[in-house]
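First comes the structure, then the notes that go with it.
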Amino acid sequence: MLSLTSPIRTPYHALRASTKLLALCVFTLAVTLSGDPRAVWGAAALVAGLYLAGGLRFAAAGLRMLRPLVFFVAIVALWHGILGEWAEGALVIGKLAAAFGLANLVTMTTRLDDMIALVERVAAPLARLGIEPRLPALSLALVMRFVPVQLQRAAALGEAWRARSRRRPGWRLVTPLALLAIDDAEHVSDALRARGGVRPPASSKG
Amino acid sequence: MVNPVHTSFEDVTLTLDGRRIFDGFDLELRERRVGLVGRNGSGKSMLARLAAGLVAPDHGKVRIEGADIFRDRAEAIRLVGILFQNPDHQIIFPTVEEELAFGLTQQGLGRRAARAGATETLAAFGKADWAERPIATLSQGQRHLVCLMAVLAMAPRLVILDEPFAGLDAPTIAQLTRRLGAVEQNLLHASHDLAALADYDRVIWIEAGRILRDGDPGAVLAEYAERMARAGADECSL
């Protein structure tokens, strides 16, 4: 399930999406370029502090969302462990923790439609190239909406397979899933058209 | 009470994937609530999609209040809303409020006004607490209600329903039917649930893209139910 915005209210929810994303950009750039382990780990500690300031429950939810990061940390640790570059490894892990931590914090405290509106503003110059600026923003929303739907479809197809087979379905579900996705896409295009399409007619006519 | 909307199909021909769905189809609707019955594949859904301006007829015109509903999309999203059979085919956004606000921004409202409009509609349905809910956490019946609210938020004059309650349990259907009964909009409702159409102003029965019966719900629905029961008893008709 993809509900990335946290229902637990924090002061960060009230900040503007643009402010948060700009701060995130500057922070990530600085952390990535820094070679000083104390600065990097200090930044990571600062991010941890920001989570805690949102309350223990919020910090725990944030930690849960960062679970996939463990995988990357393990790979980096393994790699640098083999090479014997412990200090280097710790630096990279600190950078990962700080950058992903803050990015996740921004995601958790920003409404999707605010994020989409921002993407739309940033994409506005694309209009000069003849590309509808709402397109990237709308795509973002559609991905968020339909990833859970496709996962459900995959589960349903898997069950239909298992009901009539002793073997696991595996890759054989890829083609039917793709066809279902295309079918879904056609329905969504209808739904979009029913409400005015990507280029809303109300604004073009005034 | 809103004024009835004038919907007209004028000599409509439609071919899809080599199959002729409608051939010189004419129909005028001026009643407030019109029911549409017919077997699967009779053309009910396609009639609903033509009326919503989602498909273009190969020949002829579909007009609502005089506007060419396929071409004039600005008028279309002001005049008509459609509720699909499967809410997952209709809901575009990941959360309830965004889904409701989208249609309003499409009608030209600013983001703030659209959000306020969405909140207002949610409150009118007693679902103010749904605003931030992810669609993925809602039940099928709840998703249907989101679709209905998203359509009504745009305040169209005609709401088209394409078998919207298929596959729902009886209490959910009863609740949604009650919501629908309270709606002041004109309705064009394609359904297999004959009881839902019993108190409508007019019922049209179509078969193979043609009007078979048209008139008072009492007479049309009784004959339809009788014919369907007979077809069901006949093993060769599947």
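This structure is a prediction, so every number in the text was calculated from the model and none was measured. In what follows, chains carry the letters A, B, and so on, assigned in the order in which the sequence lines appear, proteins first and then strands, with residues in each chain numbered from 1.
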Review point. Tell me, side chain or backbone of B:Ile135 under 4.5 Å from chain A's heavy atoms, or both, or neither?
Key: side chain

Check your understanding: Which bit of B:Arg111 is near chain A, if near means a heavy-atom gap under 4.5 Å: side chain, backbone, both or neither?
Key -> side chain

Check your understanding: For A:Leu192, is it the side chain, the backbone, both, or neither that has a heavy atom closer than 4.5 Å to a heavy atom of chain B?
Key -> both

Practice item. With a 4.5 angstrom heavy-atom cut-off, could you sort out which part of B:Arg49 is near chain A: side chain, backbone, both or neither? Key: side chain

Check your understanding: Charged N to carboxylate O below 4.0 Å: is that the case for A:Arg153 and B:Asp88?
Key -> no

Practice item. Let me know if B:Leu54 has heavy atoms under 4.5 Å from chain A in its side chain, its backbone, both or neither. Key: both

Practice item. Compare all side-chain heavy atoms of B:Asn86 with those of A:His187 and state whether any distance is below 4.5 angstrom. Key: no

Point to revise | Enclosure of B:Glu120 CD (heavy-atom neighbours >12, cutoff 6.0 Å) | key: no

Practice item. Under 4.5 Å heavy-atom distance to chain B, tell me which part of A:Glu186 shows up: side chain, backbone, both or neither. Key: neither

Check your understanding: Do any N or O atoms from the side chain of A:Arg145 and from the backbone of B:Ala136 form a donor-acceptor pair under 3.5 angstrom?
Key -> no

Practice item. Give the minimum heavy-atom separation between B:Ile77 and A:Ala194, together with the two atoms involved. Key: CG2-O, 3.6 Å

Practice item. Could you go through the side-chain contact (heavy atoms from CB on, under 4.5 Å) check for A:Asp190 and B:His89 one step at a time? Key: CA-CA 8 Å; A:Asp190 262 0; B:His89 289 161; over 6 Å; no

Exercise for review: May I ask you to say whether A:Arg111 pairs ionically with B:Glu98, meaning some side-chain N is under 4.0 Å from a carboxylate O?
Suggested key: no

**Study point:** Straight-line distance of A:Phe146 CZ to B:Ile91 CD1, nearest 0.5 Å
**Key:** 8.5 Å

Practice item. Please state whether the side chain, the backbone, both or neither of B:Ala150 comes within less than 4.5 Å of a heavy atom of chain A. Key: side chain

Review point. So which part of B:Phe84 gets closer than 4.5 Å to some heavy atom of chain A, the side chain, the backbone, both or neither?
Key: side chain

Practice item. Flag yes if more than 12 heavy atoms outside A:Arg16 fall under 6.0 Å of its CZ atom; otherwise flag no. Key: no

**Study point:** Within 6.0 angstrom of B:Arg20 CZ, more than 12 heavy atoms from elsewhere
**Key:** yes

Practice item. Answer whether the closest heavy-atom distance between the side chains of A:Leu138 and B:Phe93 falls below 4.5 Å. Key: yes

Exercise for review: For atom CZ of A:Phe100, decide whether the heavy atoms of other residues, nucleotides or ligands shown that lie under 6.0 angstrom number more than 12.
Suggested key: no

Check your understanding: Salt bridge or not for B:Glu99 and A:Arg195, using N-O below 4.0 Å?
Key -> yes

Review point. Around atom NE2 of B:His6, are there more than 12 heavy atoms of other residues, nucleotides or ligands at under 6.0 Å?
Key: yes

Point to revise | More than 12 heavy atoms from other groups under 6.0 Å of CG on A:Leu56 | key: no

Review point. Which bit of B:Arg133 is near chain A, if near means a heavy-atom gap under 4.5 Å: side chain, backbone, both or neither?
Key: neither

